[in-house]
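Down below is the structure, laid out as structure tokens.
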Number of protein chains: 2
Amino acid sequence: MEYSIGDFSKLTGLGIHTLRYYEQEGLIAPERNSGNRRCYSDKDLTWIEFIKRLKDTGMPIKEIKHYAELRAAGDPTLSDRMEMLVQHRKALNEQIARLQDHKIKLDEKIDFYRNEIKRTQNNVSS
Amino acid sequence: MEYSIGDFSKLTGLGIHTLRYYEQEGLIAPERNSGNRRCYSDKDLTWIEFIKRLKDTGMPIKEIKHYAELRAAGDPTLSDRMEMLVQHRKALNEQIARLQDHKIKLDEKIDFYRNEIKRTQNNVSS
DNA sequence: TCTTGACATAGAGTTTACTCTACATTGTAT
DNA sequence: ATACAATGTAGAGTAAACTCTATGTCAAGA
């Protein structure tokens, strides 16, 4: 299946401008048809979904671009790419751990507020 | 205990410029001494540590500023603040869930790479 | 044929969160 | 008293990631 940039935008939820920007930044390189229009493929779709994951886990665009370059270079870069992903997984694990710690503190804070609110209500009614 | 901006910077890890910026944005309002120098207190320290958590969990500065304003208004805003935190906790839980999903996919991808690398090495040696 | 809508490029503008510069003032050690 | 390091304000500059504008092209329907 092939998609125009408009269709691909709806499919990915990524805004036409953003897709062109990603292409400019070297993240993705869709084919062009006779009239120079972009033709996104299903492979592009899989790839952009992965890009979205990398972004959502905090990888900056420059780094994704680097990964994309390795990817374009094919099999000889397999272990380089894996190395990148292993590094990124480490960062992701740390991020999750940090967030879980924040969550605990936030739960405590909310409990504290619940008590404070009860306390102030009692003070008002007494 | 009271701290100069320099000491407070070291204490919080937040750069002098950043501390002044936060003040400008209405996140924190340290006392001033006779010579107009900022005097950060231990309460400020507790508060800034909480700000750091909010930031680290993705709350934008404008929203933190709003929270700070409610906080400055005292007890009458307790339930508003709790409401904000409950909302934020919801977002945080979603964020953690998303990241955990990403982590699973990343693990799979890394496994895939491990196999691919093995495969290509076999091909080379055969 | 004419019009309209999707697409093309190049480049400007926006937002967020800092980060830095210039220059004036103050506190402290000699 | 003097030097100098830390601090003050105001405002400019930066980086990342979009987002939009201007202008031009092209294919398909009325």
Side-chain angles (χ1 to χ4, degrees), chain A residues 1-41 44-45 47-69 88 91 95 98 102, chain B residues 1-41 44 47-69 88 91 95 98:
Chain A
M1 217 17 211
E2 295 203 326
Y3 314 97
S4 71
I5 193 166
D7 294 344
F8 200 64
S9 170
K10 278 159 201 155
L11 218 54
T12 59
L14 274 184
I16 287 174
H17 295 303
T18 305
L19 288 170
R20 287 200 275 247
Y21 165 69
Y22 281 2
E23 182 173 347
Q24 191 180 303
E25 293 303 303
L27 266 51
I28 189 166
E31 299 287 314
R32 298 296 179 108
N33 69 10
S34 53
N36 197 34
R37 303 309 177 61
R38 291 170 178 82
C39 288
Y40 293 90
S41 67
D44 288 326
L45 185 57
W47 170 229
I48 210 101
E49 291 302 336
F50 186 59
I51 288 175
K52 281 167 67 181
R53 282 186 191 278
L54 292 180
K55 273 201 50 56
D56 205 31
T57 47
M59 187 183 285
I61 287 205
K62 277 196 180 164
E63 206 171 326
I64 301 178
K65 176 206 174 91
H66 180 213
Y67 184 91
E69 285 166 352
H88 187 59
Q95 197 191 346
R98 252 197 332 277
H102 292 331
Chain B
M1 216 16 212
E2 295 202 328
Y3 315 96
S4 71
I5 193 167
D7 293 344
F8 200 63
S9 172
K10 278 158 202 156
L11 219 53
T12 59
L14 274 184
I16 288 174
H17 295 302
T18 305
L19 288 170
R20 287 199 275 246
Y21 166 69
Y22 282 1
E23 182 172 348
Q24 191 181 302
E25 293 303 302
L27 266 50
I28 189 165
E31 300 287 314
R32 299 296 180 108
N33 69 12
S34 53
N36 197 35
R37 280 20 183 355
R38 291 167 178 84
C39 289
Y40 293 91
S41 68
D44 289 325
W47 171 229
I48 210 101
E49 292 300 336
F50 186 58
I51 288 176
K52 281 167 69 180
R53 283 187 190 278
L54 293 180
K55 273 201 51 57
D56 205 32
T57 47
M59 188 182 284
I61 286 205
K62 277 196 181 163
E63 206 173 325
I64 301 178
K65 177 206 174 92
H66 180 215
Y67 184 91
E69 285 165 353
H88 187 59
Q95 197 191 347
R98 251 196 333 276

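Naming convention: chains lettered A, B, ... in sequence-line order (proteins, then strands); numbering from 1 in each chain. As the structure is a computational prediction, the values presented were derived from the model and not from experiment. These numbers come from the heavy atoms of this one structure, side chains and all, not from hydrogens, waters or symmetry mates.
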Review point. For DNA chain C, whose closest nucleotide is more 5', that of B/M59 or that of A/Q24?
Key: A/Q24

Find every protein N or O atom lying less than 3.5 Å from an N or O atom of nucleotides 4-8 of chain D, and list the pairs.
from, atom 1, to, atom 2, distance (Å)
D/dT7, OP1, B/S4, OG, 2.9
D/dT7, OP1, B/G6, N, 3.2
D/dG8, OP1, B/R38, N, 2.5
D/dG8, OP1, B/R38, NH1, 3.2
D/dG8, OP2, B/R20, NH1, 3.2
D/dG8, OP2, B/R38, NH1, 2.9
D/dG8, O5', B/R38, NH1, 3.3
D/dG8, O3', B/R32, NH1, 3.4

Point to revise | Below 4.0 Å: OP1/OP2 of C/dC18 and any side-chain N or O of B/K55 | key: yes

Point to revise | d(NE2, A/H17; C1', C/dA8) in whole Å | key: 12 Å

Point to revise | Nearest-angstrom distance from the residue atom CD1 of A/I48 to C1' of D/dC18 | key: 14 Å

Practice item. Return each pair, listed once, that meets salt bridge (charged side-chain N to carboxylate O under 4.0 Å, His left out) where at least one residue sits in residues 16-31 of chain A; pairs must be two or more places apart or across chains. Key: A/E23-A/R32, A/E23-A/R38

Study note, to complete from the structure: Picking from C/dG27, D/dA17, D/dT19, the nucleotide nearest the side-chain atoms of B/S34 would be C/dG27

Check your understanding: Given atom CG of A/L14 and atom P of D/dC20, what is their separation to the nearest angstrom?
Key -> 14 Å

Exercise for review: Give, for atom NZ of B/K65 and atom CD1 of B/I51, the distance between the pair rounded to the nearest 0.5 Å.
Suggested key: 12.0 Å

Practice item. Would you mind reading off the distance between A/L19 atom CG and C/dA8 atom C1', rounded to a whole angstrom? Key: 14 Å

Point to revise | Proximal nucleotide (of D/dT21, C/dC18, D/dA17) relative to the A/I61 side chain | key: D/dA17

Practice item. Measure from the side-chain N and O atoms of B/K55 to the backbone N and O of B/I64, and report whether any donor-acceptor pair falls under 3.5 Å. Key: no

**Study point:** Sequence neighbours excluded, every pair satisfying ring pair (Phe, Tyr, Trp, His ring centres under 6.0 Å) that has a member inside residues 1-28 of chain A
**Key:** A/F8-A/Y40

**Study point:** Distance, rounded to the nearest Å, where A/N33 contributes CG and D/dT25 contributes P
**Key:** 17 Å

Practice item. Using the side chain to side chain contact (heavy atoms under 4.5 Å, CB included) rule, take B/I28 and B/L19 through it: C-alpha gap first, then chi angles, then the decisive distance, then the call. Key: CA-CA 8 Å; B/I28 189 165; B/L19 288 170; 5.8 Å; no

**Study point:** Length of the CG-C1' vector between A/D56 and D/dC18, whole Å
**Key:** 16 Å

Review point. Can you tell me how far OG1 of A/T18 sits from CG of A/L27, rounded to the nearest 0.5 angstrom?
Key: 11.5 Å

**Study point:** Whole-Å distance separating the CD atom of B/E25 from the P atom of C/dT19
**Key:** 14 Å

Review point. How is A/Y22 classified with respect to the nucleic acid when contacts are heavy atoms under 4.0 Å: base, sugar-phosphate, or nothing?
Key: sugar-phosphate

Practice item. Give the ring-plane orientation class for B/Y67 versus B/F50, where under 30° counts as parallel, over 60° as perpendicular and anything between as tilted. Key: tilted

Check your understanding: Rounded to whole angstrom units, what separation is found between the NZ atom of B/K65 and the P atom of C/dT16?
Key -> 13 Å

